[in-house]
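These numbers come from the heavy atoms of this one structure, side chains and all, not from hydrogens, waters or symmetry mates. Per chain, numbering begins at 1; letters A, B, ... match sequence-line order.
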Amino acid sequence: MIEFQNVVKQFPDGFRAVNGLSLTVHDGEITVFIGPSGCGKTTSMRMVNRLLSITEGRILVEGRDNRDYPAEELRRKIGYAIQQIGLFPHMTVLQNIAVVPRLLGWEEDRIRKRVDELLELVGLDPDVNRDKYPRQLSGGQQQRVGVARALGADPPIMLMDEPFGAIDPITREVLQDEFLEIQKRISKTIIFVTHDIDEAIKMGDRIAILKDGSLVQYDTPDTLLAKPKNRFVRDFVGADRQLKRLGLLRVRELMTRDTPNVSLRASTDDARRAIEAAAVKSAFVVDEDGVLKGWVDREGLRENPDSLLDAMNEGDFREIGVRQSATAREALSAMVARGFRITPVVDERGALVGSITLRALQELADQGWVEGEQAS
Amino acid sequence: MKRLTAIILAAAMLAGGLAFAQTYKNDAPIRVGSKQFTEQIVLGKVIVEALKANGYQVVDKTNLGGTAVVRKALEAGEIDVYPNYTGTAISNWYRDVPWANKSIPAGASGNAYQSYSIVSSLDAALHDLVWLEPAPANNTYALAVTAKFAKEHDLATVADLAKYINGGGQVKLATGDEFAQRPDGIASFEKTYGFKFKESQLLVIAGATPAQTEQALANGSNGVNIAMAYGTDGALKAYNFVVLKDPDGAQPVFAPTPVFRGAVIRKYPEIVGILNPIWAKFTTEELQNLNAKVEVDGQNADQVAKDFLKQYGFIQ
Amino acid sequence: MSVIPNRIAMLGSSVAALGFFFLPIVALKPNRLAAGVPFNLLQLQGDYRYILLFALALVPFMVAFRKDVTTRGWLLVALGNLLLLLTLLLPAMAATHLLANATQYLGENAFVRNPRVLPTGGLALGLAGGYVTLFAGLRDLERSGVQAWIRAIGAWAGVAVIAVLLATGAFNVYSVMVEFHTNGAALQQKFVEHLMFVLVSLVVGFIVGVGLGLWASRDERVSNVILYAVGIIQTIPSLALFGVLLVPLARLGDAHFLPVALFFAVSAVLAIAVGLGYRALAGRLPSRLQTASLIVAALVAAVPLTLFTGVFVSFVYRAARIGFGGGAMSGLDNGILALVLAGLGLWVLRRWVFVRDGVVRSLVRWAYLLAYAATGVLFVVLMVRAAATDQFLGAVPSLSALTVRDLGVSGIGVAPALVALTLYSLLPLVRNTYAGLKNVDNAIIDSGRGMGMTPAQIFFQIELPLAFPVIMAGVRNAGVALVGIGTVATVIGAGGLGDFVIQGIVNTSIDLILLGALPAIALAMVLDALLRFAEGLLTSPGIRHAQNS
């Protein structure tokens, strides 16, 4: 746990970069610091491992004032990764990752094992990459090594200053996804500085929006998007924040589970009954394994009263359904594209697990909008 | 810790050095210097070889530097001896000091005995330097012409040259700037023999030594037909030049003489007896000959010095 | 894919051919001093061989148009080597003939005594053309991916043959070689002298220069003062600097050691006090006053620093001269050399071979540390023993009689040369150290700091390795420059190869000038090559090709 208590940073020229910041970074979470340039986000982060001194207030690291640690010792237990990667060009990948372990006096064997482990963790083949120099790696690979290096001595806390900033957008997406996967396993307490709101929303468990050295809002991404505190936050998160918010929510969490469905073998009567019982216009058709095969509506049943197979609209689950792991945003765009008002939700195999309606998504978006408007 | 080690090492080094220093006897070798041209080197080597042959420890510091450097080194005790010239001592040291200049008679520089007695007594009194017996040679500034030119215009002395110039003869003198400007240089010739080089008749080469002016004459570049030269230059023979005689003593006498620090002579007075007989052999012709062996024949100065000493039986 | 003609080869070919055609290749001199009669290559009497040499010079021009880069490269390397070799060898053969018939060629009036053959402009251009052709070929080979060691063989083959021929006396007819044979013994001594004062001043200049560069890189205000100051030193003509140092150093030499030591102690204490005062006050002063007070502090600090450096350099040089020059130091000097080499060898092994095995690795590491510790101890012992001989401090009766001159300081000789050369080495060293350290990416340093490296660890593990190639470029610059400037040091009695040069100038003997100049050139080139080699060995492969300058 990292706790900022009324932290002030004033530079010798009188500029107050951080002005009474108080917030708590929770264990095992990624906390994103974001704001326009000059807002004090990097300054705040750099005070945690005392790369910058604190003018007033204090920062508790694992319950202790961080000035109670010798500076170097403090830094060695806090992983550090920065935008320009900062890999040492004259050291091999191994030497780079081994920097902190060596500073801590680890045995060579242990270091070697740790380096291989980390390289595998970040998706680089140790045997191929261990003895390469940074300039022999691509930008994405260098960034991976940068992350591995920050994890070198398995620090409980990590500071990351725009670690994916200097990478092309496609690679950045990949690295972000990979890092989220890694974080799931290692659960570090991370302060993550960025100026990219999309990255913040994607990476952050919590987001702290800073402006002129002060904290404006500190919330989960969902709350932030749904209920921006004021005009500054609303402008900062952007006009499309409703869409962004949909991007945060998974279909799994929004869908209706008991959705009317009938088996392929069922009769048209069964189908009609199921539709009427649910007071809806249509039902989904599944096979004996529960895999979505199509849908049938009242109109179809009227025209082909004898055979369900004739009455139903057949369709592959990949084309007519959305996966439960998809975001609400993806579901919305699929429905708009297909002209559906309701769409079936399937699992990895294609089995029907629920459904989601266009109205539900719209309401969700409106809710945030309205609440946001009221707040200002 | 590291700092402590370094301090201990340094202290040990100094202490060791000083401790050892006490155990060695004071037996300093004689350091022989010379200026940086052939005759000086040969004369320096002669002193080196002669002293060595008589059992002295010698450090060879010949070819040390220019006049000022070598003289300062001797005065400062950084060398013990070097071959000086009477003329240099008068013109370069004492004529430049106003009180000393006043005490030196006008014609003294041109007189071998007078100039020697003046510089040796001044040096002894002021710098504790001892001048041994001067050589009979005179390595003075001189004017040289090609043998062909001398024959054509019947030139043997500077007086003949004065006549030729005053009669409208075409001349061009290659000279160093110092010789051109000093009152005891060209001006002294002109005054003594009654003629005048026109500005256009001079080719002044800054810092030039006779070797360069002589080469200018040998090449005949820029119409040069007279060159500044030293009386004992070995190159004169190589180029087949004639030195015009100076019967009226317009130039100072430059007699080479070994000059020692007083302390050394007091410690090893027998050195005087070793070097004086050798020095008596250095006539102008002998020096020309020795210089030519080095400069023209390309022999090693060490070897030339040894051969000379052997030839007269000073060493085996 | 179109292959451009090798323009460098065309240049080499043209240089050699024009040189052979228009310039005399040798001059026959009647004696050591008199000017010679020049001979063009095509004028050389004898046979067709000389025409062949001229034809050979034209061949690279035609080869340059070949499309196959590898073949072209090998052809050019072969032609370059051949040109180098034959340009030296064939005129030497002709020279024998010229010397035998000297009177006939020189005429009746010449004063023929020990006639000699002087290599002249045509020969120099022939060698230059050969070298350029060789270089052109090597570039082709590099481009077509021929391995470095194979190229090295091609590069040095001709030089090796020439060296062998030189040793067997094939070039003895040339006047420089004649001069070498008369003054060869002195040459070795002068060469060692030259090497010693260049190395000693380079080492001291390195310590001082890197220190100043480091300081400058840490403090922007200081950097202006320092860079400006060392820049000014560079503008002083070397002759003037030697002359300027003569008087103060002679005075210092005259002084007794004890009062000077006392003065040093007092000035050092004063400098430290002023320095501490500056540090305490600096933040509070207006910036203009701050700069002024910095300059004052720097000047006060410069007094003990200069005094110490001057005395220390002179002392180390004297002791090293006696210690390494005497041979009477019971083989200590050879022991030191052996240990240094052993240590270096082990260090290389540790770096390249034994990296995998932890045990062997630490063993080797200890062994080389031991080698260097032993070297240090032996070196001190050697210095102490050298200092204690009666050629040095041994001649001083007592401590109170000890003068600074006894420590090796004097107005003439090596002391002023060392001081002047050390000063000259400062600009490239300070500038390159400063630039090298300044150019280290801040993000990289920030990374190191953020990972918990101490300032010393950041300096030694990050900044220094990264700035190293640039600093080494400065060392090479300084080293090569010092070899050249060192030849002027002869005028203040420092000796060295300049002795031959100045004597050659005084005598107008080109042979003698060359006898001093050629070894100086060779020394500069070898020094540069060795430093390059060391640089390559010590630079991390991760940054070795990153900077190509």
Side-chain angles (χ1 to χ4, degrees), chain B residues 9-10 12-29 33 35-38 41 57 59 61 63-66 68-70 72-73 75-79 147-148 209-212 214-215 218-219 234-235 237-240 292 294-303, chain C residues 30-35 109-111 113-114 116 175 178-179 181-186 243 246-247 250 253-254 319 376-377 380-381 383-385 387-399 402 405 410-413 490-495 499 502-503 505-509 511-512:
Chain B
L9 273 180
M13 188 169 147
L14 194 68
L18 293 175
F20 271 95
Q22 302 301 328
T23 65
Y24 281 84
K25 248 184 46 227
N26 182 2
D27 192 20
K35 294 195 256 182
Q36 292 187 305
F37 55 85
T38 308
I41 295 170
Q57 261 211 308
V59 176
K61 290 205 151 197
N63 198 12
L64 185 65
V69 167
V70 182
K72 276 213 178 88
E75 286 177 9
E78 280 164 17
I79 55 174
K148 190 169 157 242
T209 62
Q212 281 136 13
E214 284 161 13
Q215 193 159 57
N219 296 340
K237 278 187 182 172
Y239 292 128
N240 205 4
V294 175
E295 289 185 358
V296 183
D297 302 354
Q299 289 186 37
N300 186 316
D302 278 308
Q303 198 55 47
Chain C
N31 53 56
R32 182 160 172 262
L33 280 191
N109 286 331
F111 183 76
R113 249 164 89 173
N114 296 338
R116 19 172 99 187
S175 51
V178 174
E179 210 63 49
H181 285 296
T182 36
N183 293 303
L246 201 144
V247 175
D254 285 335
V377 171
V380 172
V381 172
M383 291 303 230
V384 171
R385 287 178 72 168
T389 60
D390 54 1
Q391 292 173 55
F392 200 3
L393 293 181
V396 181
S398 71
L399 187 60
L402 182 69
R405 173 165 295 109
S410 61
I412 61 151
T490 176
V491 296
I492 38 140
D499 279 3
I502 196 91
Q503 233 179 300
I505 293 171
V506 170
N507 288 345
T508 55
S509 165
D511 306 330
L512 203 51

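- With sequence neighbours left out, the side-chain hydrogen bond (donor to acceptor under 3.5 Å, both in side chains) criterion links N31(C) to no other residue.
- Interface check for chain B: of the options Q503(C), E179(C), H181(C), the most heavy-atom pairs under 4.5 Å are formed by Q503(C).
- Contact of I41(B) with chain C is made through the side chain alone, with heavy-atom distances under 4.5 Å.
- A search for salt bridge (Lys or Arg N to Asp or Glu O under 4.0 Å) contacts involving E214(B) returns nothing, not counting sequence neighbours.
- Here G298(B) is the residue among A68(B), A73(B), G298(B), G65(B) with the most heavy-atom pairs under 4.5 Å with chain C.
- Heavy-atom distances place the backbone of Q299(B), and not its side chain, under 4.5 Å from chain C.
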- Query: Could you go step by step and tell me if V70(B) and I79(B) meet the side-chain contact (heavy atoms from CB on, under 4.5 Å) rule?
  - Reply: CA-CA 8 Å; V70(B) 182; I79(B) 55 174; 3.8 Å; yes
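- Looking only at heavy-atom pairs under 4.5 Å with chain B, the residue among D511(C), L512(C), I492(C), T490(C) that has the most is T490(C).
- Separation of atoms CG (L64(B)) and NZ (K35(B)) is listed at 12.0 Å; rounding is to 0.5 Å.
- At a 4.5 Å heavy-atom cutoff, A218(B) makes no contact with chain C through either its backbone or its side chain.
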- Message: Applying side-chain contact (heavy atoms from CB on, under 4.5 Å) to N240(B) and K148(B), what does each step give before you reach the verdict?
- Response: CA-CA 9 Å; N240(B) 205 4; K148(B) 190 169 157 242; over 6 Å; no
